[in-house]
Amino acid sequence: MRKSHPVRRVVLATAATVSGVVLLLSLKPASDPAAASAAGAAPQATAGAQQAPQGGQQGGAGAAAGSGTVTGNVAQTQYGAVQVRLTVSGGKITKAEAVQAPKGGLSSQKTALAVPKLNQEAVAAGNAQIDAVSGATYTSTGYKQSLQSALDKVKSLPSGSAGSPGSGTSSSSGSGSSASGSSGSGSSGSGSPGTSGSAGSGQAQARTVTGKTVQTQYGPVQVRITVSNGKITKADAVQAPAGGLSSQKTALAVPKLNQEAVAAGNAHIDAVSGATYTSTGYKQSLQSALDRAGG
């Protein structure tokens with residue numbers, strides 16, 4: 001018994017040493033600060049990746065365009081007040097008119113010549129960066145100031161599409177199904193023609209079409225239109241009666257007819273009082289231009 005006692009001590013000591021080494025090795029990875037920080041960074045990165053799409057969806061929903069009628073501030077000029085009223089649809093100007101403009105004597109004549117042109121330019125440009133009408137600088141400047149204030153008020157109009165926020169939410173919750181639906185599903189494509197249709201038609205380039213020349217009692221009339229996405233964005237008369245009283249009537253009538261053509265989008269526009277023949281020829285040429293444009 002006495003001879004085996006030292007051997008037992010050696011065995012016990014060796015077992016204790018091995019146990020200590022195993023405990024040290026098992027505790028070392030858990031106490032590694034690099035491993036702990038890497039483990040903590042992974043959930044944070046995942047959370048950040050989930051928040052990114054939400055931020056993008058909120059930006060898209062907030063970009064809904066408004067529709068309605070807005071009136072700009074009154075701009076005082078040297079010859080009188082100017083005030084512009086806009087009709088807006090989907091964030092785009094569809095009609096512009098001056099509810100106040102200088103009048104009396106020569107001012108009335110300049111207003112009659114300048115305002116229709118300014119109205120047309122406002123609709124075509126969609127902003128206040130339009131050219132002043134020669135001979136009516138003060139009226140043009142006041143018009144642009146009032147137009148800009150009206151455009152600023154457009155931002156506060158209610159959304160023209162009540163379904164915009166809802167569609168943004170549905171696309172955010174199921175972006176995968178939404179993408180597949182818009183690319184291949186017939187029912188999904190027919191359910192949202194606004195998005196797919198505008199995306200396709202938005203790629204179409206604007207083109208210019210000239211109507212037939214229409215002979216009137218006082219001279220030929222010919223209309224040229226610019227069409228984009230199936231809508232008239234600009235109209236002008238490349239030919240119109242000229243000479244003597246005809247030139248005056250043309251100067252008064254054609255800008256109004258151009259504006260009406262853009263606003264109406266078709267040839268069903270009113271004739272200008274005092275310029276019946278010119279108006280009739282204009283509408284006939286406009287209709288032929290629309291026929292050529294596919295309208």
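The chain is numbered in sequence order, starting from 1. What's counted below: heavy atoms across the whole structure, side chains too, no hydrogens, waters or symmetry copies. Please read all numbers here as calculations on a predicted model, not as lab measurements.
- Here the CG atom belonging to Asp236 is positioned 6.0 Å from the CG atom belonging to Asn258, to the nearest 0.5 angstrom.
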Set out, in order, the CA-CA distance, both residues' side-chain angles and the distance that settles side-chain contact (heavy atoms from CB on, under 4.5 Å) for Thr280 and Val221, then state yes or no.
CA-CA 9 Å; Thr280 301; Val221 179; over 6 Å; no
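- In plain terms, the two heavy atoms of Ala124 and Thr233 that are nearest each other are CB-O, 3.4 Å.
- Nearest heavy atom pair, residue Val262 against residue Ile232, reads CG1-O, 3.7 Å.
- Minimum heavy-atom separation, Val115 to Ala98: CG1-CB, 3.7 Å.
- Atom NZ in Lys144 sits 12.0 Å away from atom OG1 in Thr139 (nearest 0.5 Å).
- Distance OG1/Thr87 to NZ/Lys92: 14.5 Å, rounded to 0.5 Å.
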Checking Gln259 against Gln120 for the side-chain hydrogen bond (donor to acceptor under 3.5 Å, both in side chains) test, could you report, in this order, the C-alpha distance in whole Å, the side-chain angles of both residues, the deciding distance, and whether it holds?
CA-CA 5 Å; Gln259 180 191 358; Gln120 180 188 359; over 6 Å; no
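- In this structure, the side chain of Arg85 does not engage the main chain of Ala96 through any donor-acceptor pair within 3.5 Å.
- For the atom pair Leu113 CG and Lys110 NZ, the distance stands at 10.0 Å (nearest 0.5 Å).
- Leu147 is listed as a side-chain neighbour of Leu86, based on a closest heavy-atom distance under 4.5 Å.
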Under the side-chain contact (heavy atoms from CB on, under 4.5 Å) criterion, do Thr69 and Val88 qualify, and how do the steps go?
CA-CA 6 Å; Thr69 303; Val88 181; over 6 Å; no
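- Residues Thr226 and Ala206 come closest through the heavy atom pair CG2-CB, 4.3 Å.
- Side-chain contact check for Val70 versus Leu151: every heavy-atom pair is 4.5 Å or farther apart.
- Residues Lys153 and Asn73 have side chains that bring a donor and an acceptor to within less than 3.5 angstrom of each other.
- Residues Ser140 and Leu118 meet the side-chain proximity criterion, which asks for heavy atoms closer than 4.5 Å.
- No side-chain heavy atom of Lys103 sits less than 4.5 Å from a side-chain heavy atom of Thr111.
- Counting heavy atoms from C-beta on, the side chains of Pro220 and Val214 never come closer than 4.5 Å.
- Side-chain N or O atoms of Gln222 include none that pairs as donor or acceptor with a backbone N or O of Ala240 at under 3.5 Å.
- Judged by distance alone, the side chain of Ser246 and the main-chain N or O of Pro241 form no donor-acceptor pair under 3.5 Å.
- Other residues, nucleotides and ligands contribute at most 12 non-hydrogen atoms within 6.0 Å of the CG atom of Asp131.
- Interatomic distance, CD of Gln287 versus NZ of Lys212, reported as 11.0 Å (0.5 Å rounding).
- Remark: side-chain polar atoms of Asn266 are paired, donor with acceptor, to backbone N or O of His268 under 3.5 angstrom.
- Of the inter-residue distances, the one linking Lys117 atom NZ with Lys256 atom NZ reads 12.5 Å to the nearest 0.5 angstrom.
- By the 4.5 Å heavy-atom criterion applied to side chains, Ile130 and Tyr143 are counted as neighbours.
- Grouped by direct or indirect side-chain proximity (heavy atoms under 4.5 Å, Ile/Leu/Val/Met/Phe/Trp/Tyr only), Tyr277 sits with Tyr218.
- Between Val74 and Gln76, the closest side-chain pair of non-hydrogen atoms falls below 4.5 Å.
- Panel note: side chain Ser288, backbone Ser285; a donor-acceptor pair is recorded below 3.5 Å.
- Annotation for Asp270: atom CG does not count as buried by contact number, only 12 or fewer foreign heavy atoms lying within 6.0 Å.
- In terms of modelled atom types and a separation under 3.5 Å, the side chain of Gln83 and the main chain of Gly72 share a donor-acceptor contact.
- Taking 4.5 Å as the limit, every side-chain heavy atom of Lys234 sits out of range of all side-chain heavy atoms of Arg224.
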